[in-house]
Structures are given as structure tokens and as C-alpha cells.
J.: 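Here's a structure for you.
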Amino acid sequence: MTELGVRLQVVVYDNEVGQLLRMARGAASAILQATSRSSPARHGAGHIELGPIEIAIGDSSIEPSLDDRERAALAEEFGSVPGSTFTYDFFGANLGSGGGSNRLMQSTEADLVWILNPDTYPAPDALTHLLAAIAADGVAAADARQIPVEHPKSFDRVTGEAAWVSGACMLLRREAAESVDGFDEHFFPMYCDDVDLSWRLRLAGWTVAHQPRAAVFHDKRLDGAGRPEASPFEHESGVLARLFLAHRYDRPDVVAATLSWVDAGGTPEHRRAAATYRERVEAGDVPSTIADAARVADLDSDFYGPARFRY
Amino acid sequence: MAVDVSPSNAGPSPVADAVLALLRDHVTAGLVIDVDGRAASIEDALVASGLEYAACTLADLDRVAGDRAVVAVVTLGGPEHCDRVDETLSGLRSWIEGRSAMLVLSASNVANVDVASKLLAGRWDMGERGDHRATAERRHHFTDATLRAATGRAALVELAVADVIAADDDRPWPRGHPTRSPTTLTGRFVRWLRQAADPYAEVTDFVRIYRADTTAPVADHAGAPDGSARPGGESPFLTVITRTMGRRASLVDTLTCLAAQTDDDFEVRLMLNTPDPADRQRVIEMVEAFHPSFRSRVHLHTSGNAHRVSPLNDGLEQARGRYVTVLDDDDLVVADWVARFHAAVDEHDGAVVRCRAVDQRADALGTDVVATATSGFLLPYRETFDLASHLAGGQTPQGSVCFPMQAVAALDIRFDCDMEVCEDLDFLLRVATVCGVVDTGTIGMIYRRWNEDQSSMHSVAPEIWEEALRGIVERLDEQPLLMPPGTAQRLYQAAVQERQLHELGHGEESLLRRMEVAERNWSTLAHQYAELEHRYIELVGDRDAWKERAERIDADGSSAVAHRFARLIRRTGERPGEAVDRPPDR
């Protein structure tokens, strides 16, 4: 049995306090269950004993998302976790999702880092099951099954092995993350930084796993056609992230095809993403290229890897 | 209170007859005291039954009774006319308790369906006599529930009931009025609606006999659940009823979706239906693991090994919410599921509220049913509620609709435990046809379709579903249906479609007739063909003879005419068409 310290870290950006309190209630319950000796789910996992618990909130907003009273309320929600420490770090700049996660990771010695989106609510047994998944040999990171809108990416039903794991609710071995220099901050502001990290971990010999037993509520809504709703920001960032990912993994054909698709009939958001990409290439502000990564870098599938279904 | 106790104040009446019947059944010999003298018409009958009769006011009870053995006190309409009901009934109870007597009382039923009909017509006093319930002397009006509550508070225990339904002729109400007549659509609907609330719609007067018992617990006559009537603080907006056998890991998904709601003005009634203590313990631990802000709103009810449907009715009994919904232990909802319901109710209080559901196919991993999706979201359900479409099958999974508890209580609607399937559709339609349905216009709920045999959809034969649907339609057809605005357009479209089908039907008939004619023609042709064929065979039979004769003529070479004649004979022996099909070089 191994005792490992764990750091829960959440990067926020102008999130409402109600949303953060919701996340805190779910996360606190999940940590309590994972640390409870009487937890029946934990008996099933059984391989990892949790040591010190740290909770770290990183604020990437231009102005602090929370005032003092709201920070105190958030700290109070986590106060139910015995012996835990709580920090709220206002970065003073928008570091993006990956940059914020890296900044927070630099301030911990914890063995495991639990990365959580602010718009989530983990099931009480989510962390327990994630611990079970990451306890397997060679697993650097494990992600949870998102509800009510489940991600379509495929996974091995026996080992959980997947092409990549989602940063919405990911348990990560810090040692593994640091060995590949963590998230690439060029994936600014967000999206696909988790895909990129997963692929680099896999190139380094690690595996990443999906844990269907760990459920996390991710606040996604459906549009009238029964598809996950996406905001204009998500449309823009999604295209930009795809271009970065193609650039990173040496797929100029995918970059060209994406830009061509945008130029031919993209929305204003898509065109903004294309323009940003061109500017950042010009400025050298893009992820460095990794060649010969076809073994892991699947840019030809819709979901950067095999999928079980489509929305 | 000054009361005229002269016998002239009381003529023969069905109420007095009912009082007489109760007394004959419950007392044998002794004095019956008629408080206020309204039962004077039965004096002779009482005496004939071996009883004594005396009339007096409340204040004179002791004096009139004296040392005689009092077996009953009768007060007709007394509770309605007194100033303080509780005080009067308690006083009467105390008096009869001391004498070991019974109390017989009557009270008009203010909730008689006639009153409802009258008020709907904007009327109160009608006819020559006016409505006897509307007399100015009445200080209190009773329904069955309020009478039971009042007598219960006074420690009066009901022994028997002889409620009166006045004959139609006795009712001061014009015959044939649309809201009153039991044969008009409106009249029938009003009656059905009133009858659904309690069994006393037609009762004009309550006539009941009681004994005193101060040791009996005061019964709670709050009636059916309606949220607002329950003790224990303010009612939440919504009650979520979830049935579970405690074996599905998918329950944690459902509870997590609920815990993550943006609107927490709801409670959960978790109906655990299993005899297995281990399952029960698992569910308790699952709930206990949630944050206190959520788990404090989850109430666990164990029903052991109940019928599949009865836990839903148990949930209704326990529900404290103003609205109620049912979410299965494998359903998922989005974060604003409650909030959307709530917002719609704020605008349309009392209506059934519906969001749209989607289906998603899923595999169950492991024996404890961990779900993993295998399809995107499927849209088999109508975007908006439509009664006609629902009659042909479910378009609204139960987690995508919430019901006003006031309607459920007022109409005493419960899930039908005799139904093997479709009890949710039956419940929906019974409430919807009274309250109407408002759509939120958003997708709020995800119904899991298990790829393996995990749902009733897979395990029940299609005939059972069809039979259940037929039963629902038949039940709806038993009374007039209230249809929402816009239904005329829908009916119009249906009528047009029906006409078009009818016309198509005519076209089909015409086509059939033409086919019959063609068939007859074909038959004739076939007959003619057979005759020709027969004739041909005869000709072929003669061919050899003719051929031989032709060859003989030809061989003679006697003349060109004979030669041409011989060629003609040879060609006559050929089968039709042989000359065309035969290869030219053959």
C-alpha cells in the first residue's frame, strides 16, 4: 500500500461563485470518501492510501472572480476535509487553462494532481475510482466518465486504456506530467491541451486510462437538435486548438485542410480562430513541432482518437 | 342561541328518515333528545320503535333528560348554526359521555356537486326555495373532510353513516341547465371532476352517528397529499420520486445529476424496493456520501419487496413538494432541469410542465450496471406535448414531466398498480387532461436505452403494451375530455387527413373494380385461347395426313397450282411463332 499526497486544483476564469461552490461540494465529498477507511468503494480500489490533501484554486481572470466573503465561503466548503489546506491564487493574468494548471502544479509536492473544471460536480466515489485506475502500472493519468453528456471517445473496457484523457476531471501523476514538462501553454486559451499532454505522455511510454466507474457531472446543456450546446467561444477555441494540435504533431495537411474549410464556409468565430492561428504562427507563439508521432497523434478521427459514437 | 323548537318547524324529510334508520340500528329503548327540534317528524316512528322522544334546546338538555335513560341526542344542522363548532361538539360529546348515549348529527354538504354547478353558472340562489345551503343563519359550511376533522377534534368516534342524496325534484335548480344536467357535456365533466375529488359529490346531507371516546387518537384528516397541507415547514417546489432496487451503480449518476442542479428547491424521495439488507445498506452509504446540502434533502423509504408500481404511490403519499416528478435510477438530467420546471411553473402555476427528453443507448459494464453510452442523443419524442400523439404511445418519459400536487390530490390520482406497463402514460394523461401541459422548450432529460435486457421495454410482449394503451384510451373515453387551446386546429388536420384517406379508399375501390373487370376479361381471353389451342391441336393432328397428300400432289408435279397448294398445307402445320424464333439457317 502506498501513501500518496494529492492536490486538487481548479483553474477558474470569471466563474460565478455558485458554480464554484457546487464544484467544491462535490469535490469535498469525493475526497472525504476517498480518504474514508470505511468506504466500500475504496476497498475495491485499495491500492492507494491518500496522504496530505491540498486544495488549490487558481484564478486566471483579469479581475478576481471572488471577493473575500466568497473565497471564505469556498474555503468553508472544503473545510469539511480534515487536515486539508486551501489556497486561492489570483494569477493577475490570464494564463489559460494549461498555463494555470502548470502554475498551480509548480507550487506542490503532491504525488497526484486532481484537475477539475469549475463547472463540474464529481460523484462521491469519483476520486476513489480514479485512484483505482491510476494505481495500475504505467498509468500516468485517468479521467472520469462525464455525465449527463458522455464523451464519445473509445476506451478499452478491460484496462480503460484510451487515446487521451480529458482535463475536465483528470487524476494525474505529477512525476509523469513533469517528465514531459506539463501542459503546453501555447494551447491558449484552452482546449486540446489535455489531448496534447496525453499524447506526449504516451510517447514517453506511459498510458492514459478512462475510468467509467468514476462519474463527474459536467455542466453541459443540449441544443434543440439534441447536440451538446457550444458557445461562440467554444467554437472559436475548438478550431484554434485543432490547428495548434495539427501544427504540433507535424500535420501541415490537417492545418491546410482546416484553414481551407474555414475560409470556404466557416462562421465568424471560425474565421477569428484562423486569423489568430496565422498571427501566432507569424509570431512564433505556437506549440513546437513533434515529428514522427503518428503512433499516438490521431488527427484524422473526429475526436482525436477512435470514437464509440457521434453527437 | 334562540331556537324555535316547535314541531311545525320540521316536516318529513329524507334527513329525518336517515336519522331514524341510524337510531333503529344502534339503540333499542330509552329517550332520544332532539336538540333544536328539527327531527320532530320522526317522533311517531321513534315511539313506535319503543323509544321516547323529547325536543329541547342545548341549554335545556339536563332539565329535559332528568333521571331518564338517554340513549341518543339528535342535532340536525346544529353544528352549522352554532357560533363555535368545536365548543358545541365538545359540549355534546361531554354530555353524551356522561350518559353513555350516542350523538346523531346532520350537516349539509357544501361541496355537493350542485353547488359547483350553480357557481359555475354564476348563480347561488335559484328556484322558488333557493338553495338551502345558502341560508343566512348558517355560520359554518361542512364538507366530509371538515366534518370529520371537527368531530375528530371533539373526540367523537363515528359509528355509522347514513348520508342523504336528495331526490332531483327536491333540488332548487332548473332542469336541463348545461352545468347541472348530467347529460350535457359540461354537466358530465363537472360531475366527473367533482366525483374524482371524494365520494361525496352527490351527497346533499351528512347524517352520522357517533359515540364519545376521549381515549381515541385524533385522526389526521388532512386528506390526500397536496404539499401545502403537510406539517414540517415550508414545502419545496419539487419532489423527485426515484425507485430503486439498490443494485444499479447508475443510481449514483442520477443522484449526482440531482446534486448538481442549479436550483436546489427540491427534495428526493428515494423508494428502495428490495428485501435485501445489503442492497439497502449500499444505498444508504451512497446517499450518505453526498454533501450534506444534498443528502439532507434525500429521504429514503424502504418498501421491502413491493409491487413495481406501488412505491410510486408511496412516494406520492410522502411528497412534500408543490410539484412532483418521477426519475428512474438510471435517468440523467441537465443542470437546469429543476430550474426550467420552476420557471415554467412560475408562469403557469397549476399546469403540468414538460421538457423534452432524448434517448441514449448504453451498455451496462459489470454486474452492478455501470453505464457507458454507445450512441449519441436520439430524438424519438415530440418537441411539444400533443394529446393525440400520446394516445398512440409514450412521448414523454416520466422524468421529463412534473405534476402539480394540488391536482394529484384534488383528483385523487394515483399510479395504477394493475398496469404492467404504461402506468406513467396513464398518470400523465389523467392529470394532463385536467391541468393542461406547458412545454419548457428545452431538452432536460436523458433516458437510457440499455442495449441488453435492462428495461421493461425489452421484457414485456408487444401485446401487453397494446393492451395497456387500449385501456388508457378506454379510461379517457369514460368522461368528456378537456382539450387545450389549439386542439381544434389539430382535429381539423386529423379530419382532413381522414377525408383524404377516405378518398384514397374510394380510389382503391375503383381500382379494385377495374381489376375485377380485367380479371373477367382475362378469364374470357383464356377461355378463347384454350378453344383456339384445342382447334390448333386438331389441325396439327390432321397435318400428317394433309402433308402426305400434298407430297403426293407435289410429287406428281402436275401443276403449279397444285404445288402452291402443297406449300400452303405444309405451313398450316407450323406452330404460331416458330417461323420468327427459328434461326434462319436451321
Side-chain angles (χ1 to χ4, degrees), chain A residues 16 18-19 21-30 32-34 36 38-41 77 80 119-126 128-129 145-152 154-155 157-158 210-229 307-311, chain B residues 249-264 278 281-282 285-295 331-337 340 355-363 365-366 368 370-381 383 441-446 448:
Chain A
E16 291 178 4
Q19 194 177 58
L21 290 173
R22 178 178 67 174
M23 175 275 300
R25 288 171 190 143
S29 301
L32 277 173
Q33 172 142 341
S36 163
S38 61
S39 160
E77 290 296 349
S80 60
D119 58 347
T120 59
Y121 187 107
D125 57 356
T128 305
H129 290 305
R145 175 173 49 88
Q146 296 181 30
I147 55 172
V149 180
E150 191 168 334
H151 199 285
S154 292
F155 64 97
R157 289 191 177 190
V158 177
H210 176 63
Q211 172 55 291
R213 288 187 171 274
V216 61
F217 185 91
H218 191 184
D219 194 345
K220 296 283 185 187
R221 316 283 169 93
L222 304 185
D223 65 18
R227 287 187 300 261
E229 265 181 0
R308 289 167 286 153
F309 57 88
R310 292 173 61 93
Y311 283 115
Chain B
S250 58
L251 174 61
V252 81
D253 294 359
T254 306
L255 292 176
T256 302
C257 288
L258 291 173
Q261 290 297 300
T262 55
D263 182 341
D264 62 4
Q281 187 59 30
R282 191 179 306 118
E285 286 173 358
M286 187 188 288
V287 173
E288 283 299 311
F290 277 91
H291 191 272
S293 62
F294 176 66
R295 71 175 183 240
D331 289 340
L332 303 174
V333 291
V334 298
D336 60 354
W337 176 68
R340 294 281 187 173
C355 64
R356 194 179 183 194
V358 293
D359 278 0
Q360 187 169 36
R361 295 214 158 269
D363 277 348
L365 303 180
D368 55 346
V370 173
T372 183
T374 59
S375 80
F377 296 126
L378 313 169
L379 294 148
Y381 309 112
E383 197 168 346
T442 54
I443 293 175
M445 182 243 172
I446 294 150
R448 280 192 177 125

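Sequence lines set the chain letters: A, B, ... in the order given, protein chains first and strands last, and positions in each chain run from 1.
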J.: Heavy-atom distance under 4.5 Å to chain A: side chain of B:Arg282, backbone, both or neither?
T.: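 Neither; nothing under 4.5 Å.
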
J.: A:Val216 versus chain B, heavy atoms under 4.5 Å apart: side chain, backbone, both or neither?
T.: neither

J.: Does B:Arg295 reach the main-chain N or O of B:Phe290 with its side chain, forming a donor-acceptor pair under 3.5 Å?
T.: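 Present.
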
J.: Against chain B, label A:Pro212 side chain, backbone, both or neither, depending on which of its atoms sit under 4.5 Å from a heavy atom there.
T.: both

J.: Below 4.5 Å from any heavy atom of chain A, which atoms of B:Ser293 appear? Answer side chain, backbone, both or neither.
T.: side chain

J.: Look at the side chain of B:Gln261 and the backbone N and O of B:Trp337, then say whether any donor-acceptor pair between them is shorter than 3.5 Å.
T.: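 Flag set: sc B:Gln261 to bb B:Trp337 pair under 3.5 Å.
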
J.: If you count heavy-atom pairs within less than 4.5 Å of chain A, which of B:Pro292, B:Gly366, B:Ala249, B:Ala371 leads?
T.: B:Ala371

J.: At a heavy-atom distance under 4.5 Å, which candidate from A:Gly26, A:Ser80, A:Gly226, A:Gly224 has the highest pair count against chain B?
T.: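 Of A:Gly26, A:Ser80, A:Gly226, A:Gly224, A:Gly226 has the most heavy-atom pairs under 4.5 Å with chain B.
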
J.: Any ion pair linking A:Arg308 and B:Asp363 (charged N to carboxylate O, less than 4.0 Å)?
T.: no

J.: What is the distance from atom CZ of A:Arg145 to atom CZ of A:Phe155, rounded to the nearest 0.5 Å?
T.: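 Rounded to the nearest 0.5 Å, the CZ-CZ separation comes to 8.5 Å.
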
J.: So, B:Thr254 side chain and B:Asp331 main chain: donor-acceptor pair closer than 3.5 Å or not?
T.: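 Here the side-chain-to-backbone pair exists.
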
J.: What part of A:Arg25 is in contact with chain B, defined as an atom under 4.5 angstrom from a non-hydrogen atom: side chain, backbone, both or neither?
T.: both

J.: Does any heavy atom of chain A fall under 4.5 Å from the side chain of B:Gln360, the backbone, both, or neither of them?
T.: side chain

J.: A:Ala123 versus chain B, heavy atoms under 4.5 Å apart: side chain, backbone, both or neither?
T.: both

J.: If you compare all heavy atoms of A:His129 against all heavy atoms of A:Arg213, which two are closest, and at what distance to 0.1 Å?
T.: CD2-O, 3.3 Å

J.: Heavy-atom pairs under 4.5 Å with chain B - which of A:Ala225, A:Ala126, A:Ala30, A:Pro228 has more of them than the others?
T.: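 Looking at each of A:Ala225, A:Ala126, A:Ala30, A:Pro228 in turn, A:Ala225 comes out on top.
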
J.: Treating B:Arg356 as the side-chain partner and B:Tyr381 as the backbone partner, does any N or O pair qualify as donor plus acceptor under 3.5 Å?
T.: yes

J.: Do you know which two heavy atoms are closest between B:Ala260 and A:Phe217, and how far apart they sit?
T.: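 Nearest pair, atom of B:Ala260 first, then A:Phe217: CB-CD2, 3.4 Å.
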
J.: What part of A:Asp119 lies closer than 4.5 angstrom to a heavy atom of chain B: side chain, backbone, both or neither?
T.: neither

J.: Identify which of B:Val358, B:Ile446, B:Thr442 forms the greatest number of heavy-atom pairs closer than 4.5 Å to chain A.
T.: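 The answer is B:Ile446.
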
